[in-house]
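These figures come from a predicted structure and were not determined experimentally. Quick note: residue numbers are just sequence positions, from 1.
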Amino acid sequence: MWRANCALCLRLLERGRIRAWVSCQPRFCSNDAPESSTPSPPKANTSLRTKTEKQKRRQQKQTLILNAEDNDMRWSQKDKIQYSTSTIPGAKKNTSVPFPLSYSPEYVEASWYQWWEKEGFFTPEYHDRVPHAQNRTFTMCVPPPNVTGSLHLGHALTVAIEDAMVRWKRMQGYRVLWVPGCDHAGIATQSVVEKRLLRDQRRRRQDLSREEFLQEVWTWKSQKGDEIYQQLRRLGASLDWSRACFTMDQGFSEAVTEAFVRLCDSGLIYRSEALVNWSCALESAISDIEVDSQELSGRTMLSVPGYERKVEFGTMVTFAYPLEGQDGEVAVATTRPETMLGDVAIAVHPDDPRYQAVQGKHCRHPFGDRLIPIVTDTMVDMQLGTGAVKVTPAHDHVDFELSRRHSLPCLTVISGDGTMAPSCGQWLEGVKRFDAREKVLDALAEKKLLRNKKDHAMSLPKCSRSGDVIEPLLKKQWFLRCEDMASRAIQAVEDGQLEIIPPLHIKTWKKWLSNTSDWCISRQLWWGHRIPAYQVALPVLRCVEQQARERAAAQCGVDPASLTLTQDPDVLDTWFSSALFPFAMLGWPQKTPDLQQFYPTSVLETGSDILFFWVARMVMLGTELTGQLPFKQVLLHSLVRDRHGRKMSKSLGNVVDPLDVIAGASLEVGGVTCLTREGAVGTWANSHQDTLARGLCMLALVEGSEPLCRSESSPQQSLNLCSTIMNCARELHMAHHCAIPRPSLVLPPSRSMDRWVCSRLHSTVLQCERGFEARELSAVTAAIHSFWVHSLCDVYMVRQLAVSRRSQCAARSVLYHCVSVPLALLAPFMPYLSEELWQRLHPLLTRGAGGGSSSLCLQPFPRSSDLEHWHSPEEESHFLLVQEVVRVARSLRAQLWAVCSPAQEQTLLHFLPAVHTLSRVSTLHIHCPQGGPGARPSAPPPEGCIVGTVDHSCQLHLNVQVMTVYWKRPEQGSNNTGGDMFSL
């Protein structure tokens, strides 16, 4: 069983069993290593091979799981430890019961949130009862999710980051307000209810009156209930639920109306006929930033809403217009031949020699008895197509501007529902636009005017809401002038009044706001904030109904009661009302106490994808309507993507509900529960709230990091950390036989190991403070993880187990301090686990549980200034050598010689007991070949040792020339033991 040419160290630790040490050719470098007569083969890349093998084993394991039915395998779920003590909802959890045998999220997370919420810990009013309260406020709002759906991991990331910041500020003594909210989501909600009506009642929206349809929407809203709010509670979000805000609430609706009226009165909102981005599927206008561009390299077949078959795009069609009154023709090229029915002119470049003779002449339209002029314009690209372009002002933005310069009429040929208008003639009236495209091409070919058709690279505009191909249409809409507001938003960033983190988004912020156009704020929907403008037999009056009646009566000189008003049927863009959220949620336009105390808010944290949809518009409208920036800092995190790098999308089927992740979402494959799913974030299954929140914060706001879903180590690392912390706290709690005195915050500890671990604690607190201030939550979680695992548990507690009982009692104050302070550091990220352990450990103090709040979430957050006297950089620096020695010694585990410098000798002697304990060696000889003052005389290591290198001046030597194998076994028939001993 022994293999040659390797070092094998086998130790069976069961008492009365075999105990053997065998050494052959070592794998460490040796002073007298024998030379091999045959050349050794090249060594493979060990790390790469290991990584490849792990990946192969993981794939094999997944294959076994997926094929479990064929392999006749049965998988059983691990038993979960549940909290079974009877607790009234909202009552404090009983922590006097024994510790659970192991970490169980179901046990730890039970009952705490209901108690926190009932006690009012999350409300700013509780601030007055906190002993360390400061006269400072911290305000945030949750980016209001759409009422239509449920939260996904992107929302969970936002909540995890914001909750960590809010809990941190609350523990610092700030008066904290974190407001939950929900957006009415005009387009999305109306689409959901319309589909429901069609499915359940076989009726379309147009079959109902507006009031009847809105009643259906409110019925659906009441049935859906507070699903999103319950999700936020399950995520552990410490929100003030008494101030929850829905954008269609009465108070919020009044704020939207007031904002519209003020902006109208100041001349920023106006109504005009203009070319807008129109979604035929929604039958509504959308804003410029709601238009996505799909790049096509050539002929491409795409699915379009409302069409059973795919539609062809990415082709350029050339056809001819015959000249009027003479022979000849002018050929034009287009990617949308169906719009040629709305052509009103042909434009050529004035310097194009091909068309000098036809400038100012006319062509006859082949499908109508009308003439279209040939105009000249320098905007025409002579190199594109034929050099002549058809002008369709009612269906193209560039043509619309050209028509204004040449006073050309606008002819609409496509209706709002995507069918051809009556002006096209009976042969096309009511035909869908892309079906009409084929009919037009056939008709052109029949008239022998079709010249060619070829592939053409193009950018296809699509509606981000419906996926429909955008159709530019000429419509009367409401617009908001943005130029001046956008300039002030840029200036706020340049002057440092508004901070954007990370700064890489500042360039994009300036670029977008510098090129912004007027915002089309009206939508042709029924669900939403109806535009508060009314029409009489006069121009539209921009005001609410009462004011409209009074203004109209004054202008007409009639009795207000005799007027009949008709309200504009359109509603406001959802983003318009959402842009008011930071101040409307606090009661604006009324001067409420909340508005005066908590506005402007402190920080806005959200995803980078809505920087302009929401953030920029909040800045513009907040500054315009309140005279102040709505927040001082914008914190942007990257998007959560699936393993293929795609955004979370319902259409892609890769949306993951965080509650499914917490509960351990499963996919049934072949009768076996599999915790991964193709295209989804499978590595986060069964994370639970604490591990999910910390795992998300681990990678939050890290520039250049991999997409969150691709990290497989974060959730498992968080789960391992929870188990480590639970075991550490249990070990401390079990030693209750020795009373724990209060840790001294004045006198530094006397023992070297105590000084080192306390200094490490100070450094960790300092790292957490700096990380929170810089909004680098990943740095905070990394510092906390490093202290718990690599300093406290792997080193200090291992050393504590080896000291005497008297020393243990003396050091328990330090150990308690080193556990309770990191629990407070951990509280913003893992509130359940930290609360559970703090409630169990806090009463262990000699003077009971007095002197602080009843919950850890209201305890003072640790400050490095309070631990400054514990800081010992020399101890930390010197102990790095000890850790390296221990690392190498653990790989040898025998009698060792440390060959080092005199300075290193003093460090090793200083921590010698710790070296023995942590490296598990019985004897360590220290030899300094350079000698020097203070160096102790010692014999050098014998020849033939294997060598482990610590650094350039420190090496560990192990003598392997003579090893002893001791075979110990119990005698048969007696309790006595005997043994044999021989040398190698």
- Do the side-chain N and O atoms of Tyr599 and Thr626 include a donor-acceptor pair separated by under 3.5 angstrom? yes
- Item | Between Ser287 and Glu290, a side-chain donor and acceptor under 3.5 Å | yes
- Sub-3.5 Å donor-acceptor pair from the side chain of Arg465 to the main-chain atoms of Ile187, do we have one? no
- Keeping the roles fixed (side chain from Trp241, backbone from Pro180), state whether a donor-acceptor pair exists under 3.5 Å. no
- So, do Leu239 and Val166 sit near enough that their side-chain heavy atoms are less than 4.5 Å apart? no
- Shortest non-hydrogen pair, Leu151 vs Gln231, comes out as N-OE1, 2.8 Å
- Gln250 versus Glu254, side-chain donor and acceptor atoms under 3.5 Å: yes
- Any side-chain heavy atom of Val217 within less than 4.5 Å of one from Val193? yes
- Separation between CZ of Phe631 and CZ of Phe583, rounded to the nearest 0.5 Å: 10.0 Å
- Message: Side chains of Val571 and His529, heavy atoms from C-beta outward: is any pair under 4.5 Å?
- Response: no
- Task: Would you check if there is a donor-acceptor pair between the side chains of Asp163 and Ser238 at a distance under 3.5 Å?
- Result: yes
- Query: Side chains of Asn146 and Thr148: is there a donor and an acceptor less than 3.5 Å apart?
  - Reply: no
- Message: Within the structure provided, determine whether Phe252 and Val256 are in side-chain contact (heavy-atom separation under 4.5 Å).
- Response: yes
- Message: Could you check whether any side-chain heavy atom of Ile521 comes within less than 4.5 Å of a side-chain heavy atom of Phe479, counting everything from C-beta outward?
- Response: no
- Task: Specify the closest pair of heavy atoms between Gln477 and Val276, including all atoms of both residues, with the distance to one decimal.
- Result: CG-CG1, 3.7 Å
- Are the side chain of Trp575 and the backbone N or O of Arg617 linked by a donor-acceptor pair below 3.5 Å? no
- Query: Would you call Glu194 and Arg204 a salt bridge, taking side-chain N to carboxylate O under 4.0 Å as the test?
  - Reply: no
- Message: Can a donor-acceptor pair be found, under 3.5 Å and without considering hydrogens, that links the side chain of Thr419 to the backbone of Ser415?
- Response: no
- Task: To the nearest 0.5 Å, tell me how far Met140 CE sits from Leu604 CG.
- Result: 7.0 Å
- Item | Backbone N/O of Asp570 and side chain of Ser522: donor-acceptor pair under 3.5 Å | no
- Message: Checking side-chain polar atoms at under 3.5 Å, does Asp183 have a donor or acceptor matched by the opposite partner on Ser578?
- Response: yes
- Query: Any donor-acceptor pair under 3.5 Å linking the side chain of Asp468 with the backbone of Cys463?
  - Reply: no
- For Arg243 and Val179, which heavy atoms make the closest approach, and how far apart are they? O-CG1, 3.4 Å
- Does a donor on one side chain sit under 3.5 Å from an acceptor on the other, for Thr592 and Gln590? no
- Close side-chain approach of Trp218 to Trp527, heavy-atom, < 4.5 Å: yes
- Polar contact flag, side-chain donor to acceptor under 3.5 angstrom, Trp588-Glu258: no
- Query: Under a 4.0 Å N-O cut-off, is there an ion pair linking Lys432 with Asp417?
  - Reply: no
- Query: What are the two closest heavy atoms between Leu580 and Ala255, and how far apart are they?
  - Reply: CD1-O, 4.0 Å
- Message: With no hydrogens and no angle check, just 3.5 Å: does a side-chain donor-acceptor pair link Ser466 and Ser279?
- Response: yes
- Message: Whether the Asp288 and Trp519 side chains hold a donor-acceptor pair (N or O, under 3.5 Å, no angle test) is what I'd like checked.
- Response: no
- Message: Are there over 12 heavy-atom neighbours, none belonging to Arg210, within less than 6.0 Å of that residue's CZ?
- Response: yes
- Message: Between Glu835 and Ser855 (side chain of the first, backbone of the second, donor and acceptor by atom type, cut-off under 3.5 Å), is there such a pair?
- Response: no
- Task: Measure from NZ or CZ of Arg233 to the centre of the six-membered ring of Trp112, then state whether that distance is under 6.0 Å and the direction lies within 45° of the axis.
- Result: no
- Evaluation steps, side chain to side chain contact (heavy atoms under 4.5 Å, CB included), between Ile286 and Trp278: CA-CA 6 Å; Ile286 62 173; Trp278 188 267; over 6 Å; no
- Is there a ring pair (Phe, Tyr, Trp, His ring centres under 6.0 Å) between Phe581 and Trp614 once you walk through the steps? CA-CA 10 Å; Phe581 202 84; Trp614 190 44; 7.0 Å; no
- Salt-bridge contact Arg523-Asp573 (side-chain N to carboxylate O under 4.0 Å): yes
- Message: Any side-chain to backbone donor/acceptor pair from Thr574 onto Gly186? Under 3.5 Å, distance only.
- Response: yes
- Item | Test: Lys93 cationic atom under 6.0 Å from Trp115 six-membered ring centre, within 45° of axis | no
- Ser602 side chain reached by Phe138 side chain, heavy atoms, under 4.5 Å: yes
- Query: Does the ring of Tyr113 carry Lys118 above it, NZ/CZ under 6.0 angstrom from centre and within 45° of its axis?
  - Reply: no
- Query: Are any of the side-chain heavy atoms of Lys92 and Glu119 separated by less than 4.5 Å?
  - Reply: no
- Task: Please report the C-alpha distance between Trp178 and Glu162 in whole Å, then the side-chain angles of each, then the deciding distance to 0.1 Å, and finally whether the side chain to side chain donor-acceptor pair (under 3.5 Å) criterion is met.
- Result: CA-CA 9 Å; Trp178 188 22; Glu162 292 186 4; 3.0 Å; yes
- Is a side-chain N or O of Gln190 found less than 3.5 angstrom from the main chain of Leu525, in a donor-acceptor match? no
- Message: On a heavy-atom basis, which atom in Phe122 and which in Ala237 lie closest, and how many Å separate them?
- Response: CE1-O, 4.2 Å
- Exercise: identify the closest heavy-atom pair between Ala156 and Leu235: CA-CD1, 4.3 Å
- Query: Is there a donor-acceptor pair closer than 3.5 Å between any side-chain N or O of Arg175 and the backbone N or O of Pro124?
  - Reply: yes
- Message: Under a 4.0 Å threshold between the charged nitrogen and the carboxylate oxygen, would Lys475 count as salt-bridged to Glu283?
- Response: no
